[in-house]
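In the text below, chain A, chain B and the rest are named by the order of the sequence lines, each starting its count at 1. The analysis underlying the following values was restricted to heavy atoms, covering all of them including side chains, and did not include hydrogens, waters or symmetry mates.
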Protein chains: 2
Amino acid sequence: MSFADTFKALSDSARREILQLLKDGKMSAGEIGSHFDMTGATISYHLKILKNADLVWETKVKNYVYYELNTSVVEEILLWLTELTGEKK
Amino acid sequence: MSFADTFKALSDSARREILQLLKDGKMSAGEIGSHFDMTGATISYHLKILKNADLVWETKVKNYVYYELNTSVVEEILLWLTELTGEKK
DNA sequence: CATCTATTTAGACTTTTTTCTAAATAGATG
DNA sequence: CATCTATTTAGAAAAAAGTCTAAATAGATG
């Protein structure tokens, strides 16, 4: 959604770890959860935040929900940060 | 300080705006505050968070405290995000 | 179709974050 | 040196975020 949502989503370490996991490709919610010491409900909560921030896609196959990294929003943040770094008056 | 602190610091819109202001160069705490509808105490709180995240430097001159952007930490985040984008297996 | 499996939703609880007012500090200046 | 100006600190209050358990949903399968 908004720029603020994206940064907010990135501010939590569990969510950043999830994104790192997804670097290697699609993963189901359960598979993601197995990497953390948290309930499925909590993982679901984090996935929803990542999804609302457009940082991940989801695709449903059978009774699994697969999550995948969406790099296009990451690119936008990269741009913001790059502009912060460069162009000093 | 830590990577998490940096992302946390960036997750607040007021703090991101402060960083944008500092793109144009050093600015005193009061000057920064004048751009926001917040008390000086609240601005001071945000500046402390940015400082703890090493996103800004401070220098004291007379009874003013000047803040300045520290881009080196931004570079580290840029790297993290770039690695997230590239290197897909 | 009864039920098993994967995931999400609802609601409660705790912790963290953001903000304020009031007081404290620290340097500058009449 | 009394006090004014700039900023920070302390403490309180409110809002937001993260987590859990229990229940709901939704598809798969015997």
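Two residues, Ile49(A) and Gly30(B), neighbour DNA chain D, and the one matched to the more 5' nucleotide by heavy-atom proximity is Gly30(B). Remark on DNA chain C: of its neighbouring residues Lys8(B) and Gly40(B), the 5'-side contact belongs to Lys8(B), judged by nearest-heavy-atom nucleotide.
Helical stems involving DNA chain D, defined as 3 or more consecutive Watson-Crick or G-U pairs under 3.5 Å, span C:1-30 with D:1-30.
Backbone-only contact: Ala29(A) has heavy atoms under 4.0 Å from sugar-phosphate atoms and none from a base. When heavy atoms are screened at a 4.0 angstrom cut-off, Tyr67(A) is found touching the sugar-phosphate backbone but no base atom. When heavy atoms are screened at a 4.0 angstrom cut-off, Lys48(A) is found touching the sugar-phosphate backbone but no base atom.
Taken to the nearest 0.5 Å, the CG atom of Leu22(B) stands 9.5 Å off from the CD atom of Glu31(B). Atoms OG and CG, on Ser72(B) and Leu55(B) in that order, are 9.0 Å from each other to the nearest 0.5 Å. With rounding to the nearest 0.5 angstrom, the CD atom of Glu17(B) is 12.0 Å from the CD1 atom of Ile32(B). For the atom pair Lys26(B) NZ and Trp57(B) CH2, the distance stands at 11.5 Å (nearest 0.5 Å).
Note on Ser44(A): every side-chain N or O is 4.0 Å or more away from OP1 and OP2 of dT7(C). For the pair Ser28(B) and dT7(D), the criterion of a side-chain N or O lying under 4.0 Å from OP1 or OP2 is met. Neither OP1 nor OP2 of dT19(C) sits under 4.0 Å from any side-chain N or O of Thr42(B). Between dA17(D) and His46(A), no contact under 4.0 Å exists linking OP1 or OP2 to a side-chain N or O. Dashed line: the shortest gap from a side-chain N or O of Thr39(A) to OP1 or OP2 of dT19(D) is not under 4.0 Å.
With rounding to whole Å, Asp12(A) atom CG is found 10 Å from dT17(C) atom P. If you take OH of Tyr45(B) and P of dA14(D), they are 17 Å apart, rounded to a whole angstrom. Taking atom CZ of Phe36(A) as the reference point, atom P of dT7(C) lies 14 Å away to the nearest angstrom. Spacing between atom CD of Glu58(B) and atom P of dA6(D) amounts to 17 Å, rounded to whole angstrom units. If you measure from atom OH of Tyr64(B) to atom C1' of dA26(C), you get 14 Å, rounded to the nearest angstrom. Per the geometry, CG belonging to Asp5(B) stands 14 Å off C1' belonging to dT17(C), to the nearest Å. Arg16(A) has its CZ atom 14 Å from the C1' atom of dG18(D), to the nearest Å. Between the NZ atom of Lys60(A) and the P atom of dA26(D) there is a distance of 9 Å, given to the nearest Å.
Residues Thr42(A) and His46(A) are in side-chain contact: their nearest non-hydrogen atoms beyond the backbone lie under 4.5 Å apart. Inter-residue side-chain proximity for Leu50(A) and Leu19(A) is flagged as met; some heavy-atom pair is nearer than 4.5 Å.
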*Assess whether side chain to side chain contact (heavy atoms under 4.5 Å, CB included) is satisfied between Thr6(B) and Glu76(B), documenting all intermediate values.*
CA-CA 10 Å; Thr6(B) 312; Glu76(B) 290 177 39; over 6 Å; no

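With hydrogens and angles ignored, no donor-acceptor pair under 3.5 angstrom links the side chain of Asn63(B) to the base of dT7(D).
Pairing each heavy atom of Met27(B) with each of Leu21(B), the nearest pair is CE-O, 4.1 Å.
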